[in-house]
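Only a predicted model underlies this, so the values are computations on that prediction, with no experimental measurement involved. Computation of the quantities below employed the complete heavy-atom set of this structure, encompassing side-chain atoms and omitting hydrogens, waters and symmetry-equivalent molecules. Below, chain A is the first sequence line, B the second, and so on; all start at residue 1.
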There are 2 protein chains.
Amino acid sequence: MSETTRSRIVDAAETLFYAHGLRSVGVDAIAAQAGVTKRTLYYHFESKDALIAAYLEARDASTRSRYRDWLGNDDRPLPDRIESMFAALASHAGQPKWRGCGFTRAAVELAGQPGHPAVLMAADHKQRFEAWLAEELERGGVEAPQALARQIMVLLEGAIALMLVHRDVSYAQAAGEAAASLVANGISSAPALHRNMATRAVG
Amino acid sequence: MSETTRSRIVDAAETLFYAHGLRSVGVDAIAAQAGVTKRTLYYHFESKDALIAAYLEARDASTRSRYRDWLGNDDRPLPDRIESMFAALASHAGQPKWRGCGFTRAAVELAGQPGHPAVLMAADHKQRFEAWLAEELERGGVEAPQALARQIMVLLEGAIALMLVHRDVSYAQAAGEAAASLVANGISSAPALHRNMATRAVG
DNA sequence: GTCTATACACAGATAGAC
DNA sequence: GTCTATCTGTGTATAGAC
């Protein structure tokens with residue numbers, strides 16, 4: 001079947017691109033991993049760039065649904081849900097095969113080519129993610145959901161980058177505590193309900 | 001002179017590696033940019049990896065001194081100084097040639113080779129940076145300087161990554177406001193002195 | 001649709017003259 | 001110390017048979 005061949009190629013591309021990066025992986029390696037020849041790969045994909053696009057498109061939905069699971073849908077307080085999301089990220093990042101965010105890494109690798117399709121796809125993904133976060137925050141009763149979503153994005157992104165550099169998942173915990181504090185302070189402006197941010201942040 | 005030739009090569013490497021990435025730039029291009037031949041380049045550097053190391057070493061001191069300038073040394077309140085640092089980052093990131101953090105980008109490009117010297121240099125640089133931040137926070141009277149320095153690192157790193165992806169410097173502003181709030185709350189635990197984080201964060 | 005074989009450019013690195 | 005010329009591997013992509 002053509003569909004299964006194509007999907008095998010995409011699976012191989014996902015595995016190798018995420019593990020080693022875009023430029024480090026050649027189409028030879030992807031074809032070999034998929035169990036086909038280069039010629040077959042080029043029958044299904046016009047170019048390596050098209051394969052990169054297919055790789056990122058496959059990751060988009062799965063990544064967002066993963067974070068949806070991490071945030072959860074229960075009736076717990078929103079700050080706790082946010083902190084749980086960061087805790088799940090830390091656990092995920094501790095796995096040996098974890099290599100950060102595939103979208104950010106693609107944008108970084110192609111930073112010299114701002115118009116590259118993969119860079120645009122990365123920006124779209126991040127924007128959709130941020131919009132989803134804002135929706136969740138709004139449903140949770142946050143006063144300024146968009147501004148807060150942006151700050152949580154920064155914390156997520158920074159934690160991922162530093163966990164990748166240092167191989168130390170504690171950055172996600174520090175980020176999660178900061179995020180939870182921001183959310184807690186954004187839900188109610190009554191002073192009595194404010195958590196002590198310094199205490200939480202130091203945790 | 002041998003020294004000037006070598007430094008011309010390093011300058012060329014800095015320009016090209018930062019602009020286009022490590023793997024995208026070949027030694028041919030660096031030699032051409034430096035005005036020497038490949039053979040001369042290989043007389044001064046054992047390998048491309050050695051050249052990459054020289055590139056990162058040259059960036060280490062300059063990057064840290066740049067942030068030192070941005071933070072300033074005056075007697076303004078620490079939260080304002082931190083926010084100024086993020087504002088300066090935003091201004092810097094708005095320049096057309098800006099391409100994010102060279103160290104993070106190196107670590108990302110080489111994520112598939114965790115033991116690579118450049119990855120270790122990136123980790124060292126980040127660690128030194130974080131230690132410097134902690135010192136400054138401690139001098140500013142912050143209660144938990146190390147934990148706070150780590151959170152500010154996360155905010156810096158995340159802002160840089162998202163500015164690179166979106167080409168939108170407002171992420172640095174959002175991060176700066178969050179950082180200033182964290183610092184303000186970390187200086188004094190007296191409730192009356194706590195800034196309203198939500199108000200600041202939305203700004 | 002999938003194969004074998006190959007074109008063509010460019011990568012990092014080296015030989016040996018001057 | 002710097003040059004011209006070259007080696008060898010690998011990169012993306014293609015020709016043409018089956």
Side-chain angles (χ1 to χ4, degrees), chain A residues 1-56 105-106 108-113 115-119 121, chain B residues 1-56 105-106 108-113 115-119 121:
Chain A
M1 274 304 266
S2 160
E3 264 312 289
T4 62
T5 299
R6 190 193 147 97
S7 64
R8 275 216 320 278
I9 296 171
V10 174
D11 286 349
E14 265 198 272
T15 302
L16 294 175
F17 280 148
Y18 182 73
H20 304 112
L22 265 31
R23 290 194 66 104
S24 298
V25 175
V27 289
D28 293 292
I30 294 171
Q33 171 90 7
V36 299
T37 63
K38 249 191 305 190
R39 196 67 188 84
T40 300
L41 186 150
Y42 275 102
Y43 173 84
H44 290 280
F45 295 93
E46 189 182 48
S47 64
K48 186 184 179 181
D49 276 351
L51 196 51
I52 290 173
Y55 152 63
L56 290 180
R105 283 176 57 204
V108 163
E109 267 200 271
L110 302 171
Q113 312 166 45
H116 194 287
V119 178
M121 291 181 76
Chain B
M1 271 305 266
S2 158
E3 265 311 289
T4 61
T5 299
R6 190 193 145 97
S7 65
R8 276 217 318 279
I9 295 171
V10 174
D11 286 349
E14 265 197 273
T15 302
L16 294 175
F17 280 148
Y18 182 72
H20 306 293
L22 266 31
R23 291 195 66 106
S24 298
V25 174
V27 288
D28 293 293
I30 294 171
Q33 170 90 5
V36 300
T37 62
K38 244 190 309 189
R39 196 66 187 85
T40 300
L41 186 149
Y42 275 104
Y43 174 82
H44 290 280
F45 295 93
E46 191 182 47
S47 64
K48 185 184 179 180
D49 277 350
L51 196 52
I52 291 173
Y55 152 64
L56 291 180
R105 282 176 57 203
V108 163
E109 268 199 89
L110 302 170
Q113 312 165 48
H116 195 286
V119 179
M121 291 181 75

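- When the P atom of C:dC10 is taken as reference, atom CZ of B:Arg23 falls 17 Å away, rounded to whole Å.
- Side chains of A:Arg105 and A:Phe17 form no contact here, defined as non-hydrogen atoms less than 4.5 Å apart.
- Residue B:Leu110 holds its CG atom at 12.0 Å from NE2 of A:His20, rounded to the nearest 0.5 Å.
- Counting to the nearest Å, the P atom of C:dA13 and the CZ atom of B:Phe45 are 13 Å from each other.
- Regarding contacts with the backbone of C:dA13, a side-chain N or O of B:Tyr42 is found under 4.0 angstrom from either OP1 or OP2.
- Atom CG in A:Asp49 sits roughly 16 Å away from atom P in D:dG11 (whole-Å rounding).
- Between A:Glu46 atom CD and D:dT14 atom C1' there is a gap of 13 Å when expressed in whole angstrom units.
- Distance, A:Phe17 CZ to D:dG11 P: 12 Å, rounded to whole Å.
- Nearest nucleotide to the B:Thr5 side chain, out of D:dT2, C:dG1, D:dT12: D:dT2.
- Each of D:dG1, D:dT12, C:dG1 was ranked by its minimum atom distance to the side chain of A:Lys38; first place goes to D:dT12.
- In this structure, the CG atom of B:Asp28 is 13 Å from the C1' atom of D:dT6, given to the nearest Å.
- Checked against salt bridge (charged side-chain N to carboxylate O under 4.0 Å, His left out), A:Asp49 has no partners two or more places apart in sequence or in another chain.
- If you measure from atom CZ of A:Arg8 to atom P of C:dG1, you get 13 Å, rounded to the nearest angstrom.
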Donor-acceptor contacts, no H, no angles, side chain residues 27-38 of chain B, under 3.5 Å, sequence neighbours left out:
residue, atom, partner, partner atom, Å
B:Asp28, OD1, B:Lys38, NZ, 3.0
B:Thr37, OG1, B:Thr40, OG1, 3.3

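- Of the candidates C:dT4, C:dG12, D:dG1, C:dG12 carries the atom nearest the B:Val27 side chain, counting heavy atoms from C-beta on.
- The side chain of A:Ser47 sits closest to D:dA13 out of D:dA13, D:dT12, C:dG12.
- Two residues are said to be in side-chain contact when any heavy atoms from C-beta on lie closer than 4.5 Å; A:Tyr55 and A:Leu22 meet this criterion.
- Between the NE2 atom of A:His20 and the C1' atom of D:dG11 there is a distance of 17 Å, rounded to whole Å.
- Taking only side-chain atoms of A:Lys48, from C-beta outward, the nucleotide of D:dG1, C:dA13, D:dA13 with the closest atom is D:dA13.
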